[in-house]
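The structure appears right after this line, and notes come after that.
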Amino acid sequence: MLAYKDGRLVKASLGDIAEAAYMLIQLVPPGRVTTYGSIARLLGVSPRLIGRILASNKRPIIIPCHRVVKSDGSLGGYSMKGGVGFKERLLRLEGVRLTRNKRIPRENIIDLCEELCGGKN
DNA sequence: CATCGAACCAACC
DNA sequence: GGTTGGTTCGATG
């Protein structure tokens, strides 16, 4: 269980953070992607940690980790067999348009905060 | 808009 | 205690 104090994450296990991150990733709609930093901010951890978690993700395929990219729109990385190439393919199948420099337009990138609070609520 | 470099946080060796 | 990693931000071409 995640323990927060004054909006600050004080105590948590890697697995717990991972599950929270997975949940957030799962609620990202197709055709849209989110960033490591967005998840990191919501969970109160460092973006690097999110990358580390997704890299060691316990539940591949079940978790659309391919919908998570870097804040500048680049794909970042992918731990699965296909690597970033596979990731790029999946994104394109979902309708995400990449620039010639393998970058995703800002319009396709959403913050999880927007998804959680912006749409409705 | 694309590319380079320096900073950050945590895990790993 | 030092290095690396699925990052980020700011500055320059």
Same apolar cluster: [X] and [Y], side chain cutoff 4.5 Å:
X: A/Y22; Y: A/I61; value: no
X: A/V28; Y: A/M80; value: no
X: A/L116; Y: A/I109; value: no

Nearest whole Å is fine: how far is [N] [atom2] from [X] [atom1]?
X: A/R106; N: B/dC1; atom1: CZ; atom2: P; answer: 10 Å
X: A/L49; N: C/dG6; atom1: CG; atom2: C1'; answer: 12 Å
X: A/R52; N: C/dT3; atom1: CZ; atom2: C1'; answer: 12 Å
X: A/L14; N: B/dC9; atom1: CG; atom2: C1'; answer: 13 Å
X: A/Y22; N: C/dG6; atom1: OH; atom2: C1'; answer: 12 Å
X: A/I53; N: B/dC9; atom1: CD1; atom2: P; answer: 16 Å

(request) Could you identify which residues of residues 89-103 of chain A place a heavy atom less than 4.0 Å from some atom of DNA chain B, listed by residue number, or say none? (result) A/N101, A/R103

(request) Not counting sequence neighbours, list each pair that qualifies as a side chain to side chain donor-acceptor pair (under 3.5 Å) and has a residue in residues 52-63 of chain A. (result) none

(message) Tell me which pairs pass side chain to side chain donor-acceptor pair (under 3.5 Å) where either residue lies in residues 60-84 of chain A, with sequence neighbours left out.
(response) A/H66-A/E94, A/R67-A/E94, A/D72-A/S74

(message) Against A/V68, only a single residue in A/I39, A/I63, A/L75, A/V33 fulfils side-chain contact (heavy atoms from CB on, under 4.5 Å); can you say which?
(response) A/I39

(message) If the test is side-chain contact (heavy atoms from CB on, under 4.5 Å), which one of A/D111, A/L112, A/I50 qualifies with A/R41?
(response) A/D111

(message) Quick check for you: to the nearest 0.5 Å, what is the distance between A/L9 atom CG and A/L49 atom CG?
(response) 9.0 Å

Listing time: all N or O pairs from protein to nucleotides 7-10 of chain C that are below 3.5 Å?
unit_1	atom_1	unit_2	atom_2	d
C/dT7	OP2	A/R48	NH1	2.8
C/dT7	N3	A/R48	NH2	3.4
C/dT7	O4	A/R48	NH2	3.1
C/dT8	OP1	A/G37	N	2.8
C/dT8	OP2	A/S71	N	2.7
C/dC9	OP2	A/S71	OG	3.4

(request) With pairs defined as Watson-Crick or G-U wobble and both distances under 3.5 angstrom, please note down DNA chain C as a dot-bracket string, | for pairing with another strand. (result) |||||.|||||||

(message) Going by side chain to side chain donor-acceptor pair (under 3.5 Å), name the residues that satisfy it together with A/R92, two or more places apart in sequence or in a different chain.
(response) none

(request) Looking at every strand, decide which applies to A/V45 at a 4.0 Å heavy-atom threshold: base, sugar-phosphate, or nothing. (result) nothing

(request) Ignoring hydrogens and angles, tell me if any N or O in the side chain of A/T35 forms a donor-acceptor pair with the backbone of A/S38 under 3.5 Å. (result) yes

(request) Could you walk me through whether A/L54 and A/Y36 pass the side chain to side chain contact (heavy atoms under 4.5 Å, CB included) test, one step at a time? (result) CA-CA 9 Å; A/L54 295 197; A/Y36 298 102; 3.9 Å; yes

